[in-house]
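This report refers to the structure that appears directly beneath it.
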Amino acid sequence: MTDRVSKPEEQSVDSDYQTDKVWLPNVQRKLYQWSLANPEGQYRDLWNWVTNLHNLRYAWRTVAANKGKRTPGIDGKTVRSIQQGLGEAMFLERLRQELRCRRYTPSPSRRKLIPKPGRPGEFRPLGIPTVKGRVVQCAIKQIMEPLFEARFWHVSYGFRPGRGCHGALEHIRMAMRPRAKAEDGKRHALPYQWVIEGDIKGCFDNIDHHHLMDRVRKRVGDRKVNHTIKQFLKAGVLSDEQFLRTESGTPQGGIISPLLANIALSVIEERYERWVNHQQKLRPHRTCDGIKAAMNIRMSDGKAGRPVFLPIRYADDFIVLVSGTLEDACKEKQALEEFLKDKTGLRLSPEKTHITSVEDGFNFLGHRVRMRWDERYGFTPRVEIPKAKVLDIRYRIKHITSRSNVLLSLPAILHMINPILRGWGNFYRFCTGAKRILSSIDWYVRDRLWRWMQKKHPKAGAHDLAHLCILRETQLFHMGQLRVQRFQRGWMQTPDFAIITGEPDA
C-alpha cells in the first residue's frame with residue numbers, strides 16, 4: 001500500500017523537475033537572443049517570469065543543493081526545517097503569492113566574520129540571507145543573467161557561467177606572447193611592457209547603489225524587479241544583535257551579489273572600449289565585429305607609438321596590460337583611480353595596486369605570470385606556480401602529520417590530506433613546470449607520512465610500517481599522476497542559453 005501511494009508522488013516530483021529544466025533554458029535563451037539583437041534596449045516584462053512556479057522551483061533546488069543549505073539566516077530556518085515543516089510545495093506557493101501581491105520584503109542578512117587565509121587577525125564580512133531571500137535572489141538572477149551575459153565583454157571572467165580563472169590566465173599569456181620575429185628568428189619585441197595590478201578596496205561593501213541601479217535599469221525596465229533588487233541592497237545586516245544599514249555595497253554572501261558586482265565593475269573594460277571591443281564610430285563599410293576591430297586598432301596604435309591598454313578582469317581582481325612607457329602607465333593608474341571613484345564609488349587599494357614590468361612578473365589569481373628568455377624562441381610568457389603557494393601546502397601537510405595527530409588512524413589522516421592534494425593539483429596542473437613541482441610535493445607527503453607512522457608506532461620496524469601502508473584501504477592521492485598540459489580557452493563551456501538553435505553545439 002505504501003509503495004502504491006509513494007510511487008506516483010515520486011514520478012510527479014521528477015516530472016516537475018524535468019519540466020523546470022526545459023522551461024528555464026528556453027526563457028533564458030529568448031532573453032539572451034533579445035539582448036544580443038537590442039544592445040541598447042530595456043526588457044520591461046520580467047516579473048511574471050521571476051514569479052513563475054517553474055522558476056521558483058528551479059531556484060529552490062539550486063539553494064537546496066548548495067553547501068550553505070544548513071546555515072540559517074536571522075529567522076533560524078534551514079532548507080531541511082522548511083522541508084520537514086511547511087513543505088517545499090506550500091513554501092513556494094506562499095512565496096509566490098507574497099511576490100505577486102507585492103507583500104514580500106527582504107529580511108536583513110546575518111553577518112558572520114570569516115578569517116582571511118594567510119592573514120592572521122583579518123576577517124572578511126559575510127552576509128547570510130534567509131532561505132526565502134536566497135530563493136528570491138536566485139529566481140531574479142536566473143532571469144536577469146542572460147540579459148547581461150549577452151552584453152558582458154570577453155575580457156571579463158569572474159562569476160560568469162562557463163568561465164574561470166584558468167581562462168583569464170590563458171588570455172593574459174596569449175596577449176603577452178610576442179608575434180614578430182627578428183632576423184635571428186627569435187622574438188625580442190614585447191607587445192606590452194608594463195602591467196597595472198588593480199585591487200579594489202572593499203569592493204562588495206563600497207559599490208554605490210545609485211550607479212549600480214542606473215546600470216541595471218539600462219537592461220531591466222521592469223519596475224517590480226528593480227524595486228526588489230533595491231530592497232535587497234537596502235535590507236541591512238544584523239551583527240551581534242545590532243542592525244546596521246547598508247547605504248552602499250552589494251549583499252555579500254547573497255546569490256545575486258556576483259552578478260551585481262559584475263554589472264558595476266564592467267565599467268572597467270568599457271573604459272578601454274577602443275582596445276577591447278571597439279563599438280563607437282562604426283563605419284558602414286566595416287565588416288568585422290568590435291573585437292576584431294579593437295585588435296586591429298591595438299596593432300596600429302602600437303606601430304604608431306601610441307599607448308595601448310588591455311584590461312583582463314576576474315570579478316574585483318584585474319590587470320591592465322600597458323604598451324608604452326612607465327610614465328604612460330603611471331598616468332593611466334591615476335586616471336583609472338579617479339574614473340572608478342566617479343563611476344562606482346570604489347577606490348583602488350594603494351598597498352596592492354602596483355605597476356610592474358612584465359619581465360619581472362606579477363601575481364594574479366594565485367599564479368605567477370612573467371616573461372622568460374628562451375635561447376631557442378626568445379621571450380616567452382609563462383604561467384607558473386608561486387613559491388609561496390608551494391610553501392603553503394607543505395606547511396598544511398606538515399601540520400596534519402604533526403605529533404599532535406598521532407592518535408588518529410592512517411585512513412583518517414589520508415581523508416584529510418587527499419582533498420587538499422586533489423584540489424591543489426587540479427588547480428595548478430596547467431602551469432609551466434607543474435610536473436616537477438607536483439612530483440616533489442608527492443615525495444614530501446610520502447616522507448611526512450612515513451615520519452608520522454614512526455611517531456605513531458615507535459617500536460615498529462621499517463618492514464612492519466611498510467606492511468601497514470600496503471594494507472591500508474584508503475590510498476594516497478598522487479598529484480604527479482595528473483596530466484599536466486596548457487589550458488585551452490576552447491574548453492570554456494558555453495552556457496545553454498547562449499547556444500542558439502542551428503549552431504553546431506545546439
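Any value given below was found using the heavy atoms of this structure, including those in side chains, with hydrogens, waters and symmetry copies removed.
Of the possible donor and acceptor atoms, one in the side chain of Gln28 sits under 3.5 Å from a partner among the backbone N and O of Gln142. Using modelled atom types, one side-chain atom of Asp208 and one backbone atom of His211 make a donor-acceptor pair closer than 3.5 Å. Side chain of Arg134 to main chain of Val63: no donor-acceptor pair is present (N/O by atom type, distance under 3.5 Å, no hydrogens or angles). Proximity of a side-chain donor or acceptor of Arg217 to a complementary backbone N or O of Asn226 within less than 3.5 Å is not detected. A donor-acceptor pair under 3.5 Å is formed between the side chain of Lys435 and the backbone N or O of Gly480. The backbone N or O of Leu233 lies less than 3.5 Å from a partner atom in the side chain of Thr246, making a donor-acceptor pair. Looking only at distances, no side-chain donor or acceptor of Arg57 sits under 3.5 Å from a matching main-chain atom of Glu88. Ser248 places a side-chain N or O within 3.5 Å of a backbone atom of Asp205 that can act as its donor or acceptor partner. Although no hydrogens or angles enter the test, the distance criterion places no donor-acceptor pair under 3.5 Å between the side chain of His354 and the main chain of Ile196. Not a single donor-acceptor pair under 3.5 Å links the side chain of Arg70 to the backbone N or O of Thr78.
Checking Asn26, Asp20, Thr19 one by one against His54, the side chain to side chain donor-acceptor pair (under 3.5 Å) holds for a single residue, Asp20.
Annotation: side chain of Leu260 is not in contact with side chain of Ile207 (no heavy-atom distance under 4.5 Å). Side-chain contact between Ile268 and Thr344 is absent, with no heavy-atom pair separated by less than 4.5 Å. Looking at heavy atoms from C-beta onward, Asn206 lies out of side-chain contact with Ile200 at the 4.5 angstrom threshold. At a threshold of 4.5 Å between non-hydrogen side-chain atoms, the residues Trp47 and Thr228 count as touching. Counting heavy atoms from C-beta on, the side chains of Leu476 and Asn418 come closer than 4.5 Å. Using a 4.5 Å cut-off on side-chain heavy atoms (C-beta onward), Leu449 and Ile417 make contact. The shortest side-chain heavy-atom distance between Asn262 and Phe148 does not fall under the 4.5 Å cut-off. With contacts defined as side-chain heavy-atom distances shorter than 4.5 Å, the pair Leu113/Leu126 does not qualify.
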Working for side chain to side chain donor-acceptor pair (under 3.5 Å), residues Arg219 and Ser35
CA-CA 8 Å; Arg219 307 302 296 160; Ser35 185; 2.5 Å; yes
Where do Tyr314 and Leu169 land on the side chain to side chain contact (heavy atoms under 4.5 Å, CB included) test, with the steps shown first?
CA-CA 10 Å; Tyr314 185 92; Leu169 291 165; over 6 Å; no
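Under a 4.0 Å N-O distance rule, the pair Lys132/Asp75 does not qualify as a salt bridge. Between Arg215 and Glu270, at least one side-chain nitrogen of the basic residue sits less than 4.0 Å from a carboxylate oxygen of the acidic one, meeting the salt-bridge criterion. Of the charged side-chain nitrogens involved, at least one lies within less than 4.0 Å of a carboxylate oxygen, so that Arg451 and Asp447 count as a salt-bridged pair. One finds no salt bridge joining Asp392 and Lys389 here, because no Lys/Arg side-chain nitrogen approaches an Asp/Glu carboxylate oxygen to under 4.0 Å. A salt bridge links Arg173 with Glu170: the distance from a Lys NZ or Arg NE/NH1/NH2 to an Asp or Glu carboxylate oxygen falls below 4.0 Å.
Taking the six-membered ring where the residue is Trp, the centroids of Tyr58 and Trp23 are separated by 6.0 Å or more.
The aromatic rings of Trp34 and Tyr43 lie perpendicular to each other, with more than 60° between the two planes, well past the 30° mark. Between His171 and Tyr157, the two ring planes are perpendicular [angle over 60°; tilted spans 30° to 60°]. Taking the six-membered ring where tryptophan is involved, the planes of Phe427 and His367 are tilted, since the angle between them lies from 30° to 60°.
When only modelled atom types and interatomic distance are considered, Arg96 and Thr51 share no side-chain donor-acceptor pair under 3.5 Å.
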